[in-house]
**Student:** 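Have a look at the structure that comes next, please.
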Amino acid sequence: MPNQITAAIPPAKLAEALDHLKQARAVLEPYLHPLTPDERKNIVKMGDKSVSFMTKLLDYAANTPAFVPGFISYDELKQDVGVATDLTPLEQFAEQLALDLNSTVMLAGSEGMSQASPVYQNIKFLAQQRQPGAQAAYDDLSQRFPGRAAKKPAPVA
């Protein structure tokens, strides 16, 4: 695979991007409601298919108020659906940005590991050859190297 990460991102650009993300969060902060993992798992969810259902339901409820039970506030229902649909484009943009950031981190990490591995192997070889300083470097790096654990042989049945 060719090297695709060919330039470092200037620290000023990283700081600027982070500042913009912090500003966006600050703008939305009063309206955000973080949930615990348990709450996220157990909450009733409105997915893509539910949006048209909710839109039609709101139309029916607006045209025929008798459809709305007395214990339901039509205005609250309309507001909740509105907030969910209004935030959807921002959520989709943020998800795409997060995916692109993750992909770039993954690619840069992959390219870095692909280039680091031969250097590590060379240090290991040089340590075996008693090259000055190589053993200390190898000992230090071997504790940190995220190598794979040796596979255990399958039990014989």
**Student:** Checking side chain to side chain contact (heavy atoms under 4.5 Å, CB included) for the pair L77/M54: CA distance, chi angles, key distance, verdict?
**Tutor:** CA-CA 9 Å; L77 173 63; M54 295 299 293; 3.9 Å; yes
**Student:** Grab the two heavy atoms, one from Y138 and one from Y120, that are nearest each other, plus how far apart they are.
**Tutor:** CE1-OH, 3.3 Å
**Student:** Donor-acceptor pair, distance only, cut-off 3.5 Å: does the side chain of S73 make one with the backbone of E76?
**Tutor:** yes
**Student:** Determine, stepwise, if the pair M46 / D80 fulfils side chain to side chain contact (heavy atoms under 4.5 Å, CB included).
**Tutor:** CA-CA 11 Å; M46 183 176 100; D80 291 341; over 6 Å; no
**Student:** Looking only at heavy atoms, what is the nearest atom pair of A134 and A127, with distance?
**Tutor:**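 Looks like CB-N, 3.5 Å.
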**Student:** So if you build clusters from Ile, Leu, Val, Met, Phe, Trp, Tyr with side-chain heavy-atom gaps below 4.5 Å, do I123 and L126 land together?
**Tutor:** no
**Student:** When you look at CG of D48, are more than 12 heavy atoms from neighbouring residues, nucleotides or ligands closer to it than 6.0 Å?
**Tutor:**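 Open.
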**Student:** Look at atom NZ of K45 and say whether more than 12 heavy atoms of other residues, nucleotides or ligands are closer to it than 6.0 Å.
**Tutor:** yes
**Student:** Do you see a donor-acceptor pair shorter than 3.5 Å between the side chains of D139 and Q143?
**Tutor:**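 Short answer, no.
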**Student:** Going hydrophobic residue to hydrophobic residue with side-chain gaps under 4.5 angstrom, can you get from L57 over to Y74?
**Tutor:**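 L57 clusters together with Y74.
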**Student:** Membership question, hydrophobic clusters at under 4.5 Å side-chain separation (ILVMFWY): are I72 and F67 in the same one?
**Tutor:** no
**Student:** Any side-chain to backbone donor/acceptor pair from E111 onto I5? Under 3.5 Å, distance only.
**Tutor:** yes
**Student:** Donor-acceptor pairs are to be reported for all side-chain atoms of residues 89-100 against protein atoms at under 3.5 Å, with residues two or more places apart or in another chain.
**Tutor:**
unit_1	atom_1	unit_2	atom_2	d
Q96	NE2	D100	OD1	2.9

**Student:** Measure from the side-chain N and O atoms of T85 to the backbone N and O of G82, and report whether any donor-acceptor pair falls under 3.5 Å.
**Tutor:** yes
**Student:** Would you say I9 has more than 12 foreign heavy atoms packed within less than 6.0 Å of its CD1?
**Tutor:**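 No - once you tally the heavy atoms of other residues, nucleotides and ligands closer than 6.0 Å, there are 12 at most.
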**Student:** Backbone N or O of S114 within a donor-acceptor pair of the S117 side chain at under 3.5 Å?
**Tutor:**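 Side chain of S117 to backbone of S114, a donor-acceptor pair under 3.5 Å: no, none is there.
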**Student:** Given the rule that I, L, V, M, F, W and Y join up when any side-chain heavy atoms are under 4.5 Å apart, are V119 and M113 in one cluster?
**Tutor:**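 Hydrophobic grouping puts V119 with M113.
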**Student:** Hey, could you give me the CG/CG distance between N42 and L35, rounded to the nearest 0.5 Å?
**Tutor:** 10.5 Å
**Student:** Between L28 and L21, is there shared hydrophobic-cluster membership here, with clusters defined by ILVMFWY side-chain heavy atoms closer than 4.5 Å?
**Tutor:**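 Hydrophobic grouping puts L28 apart from L21.
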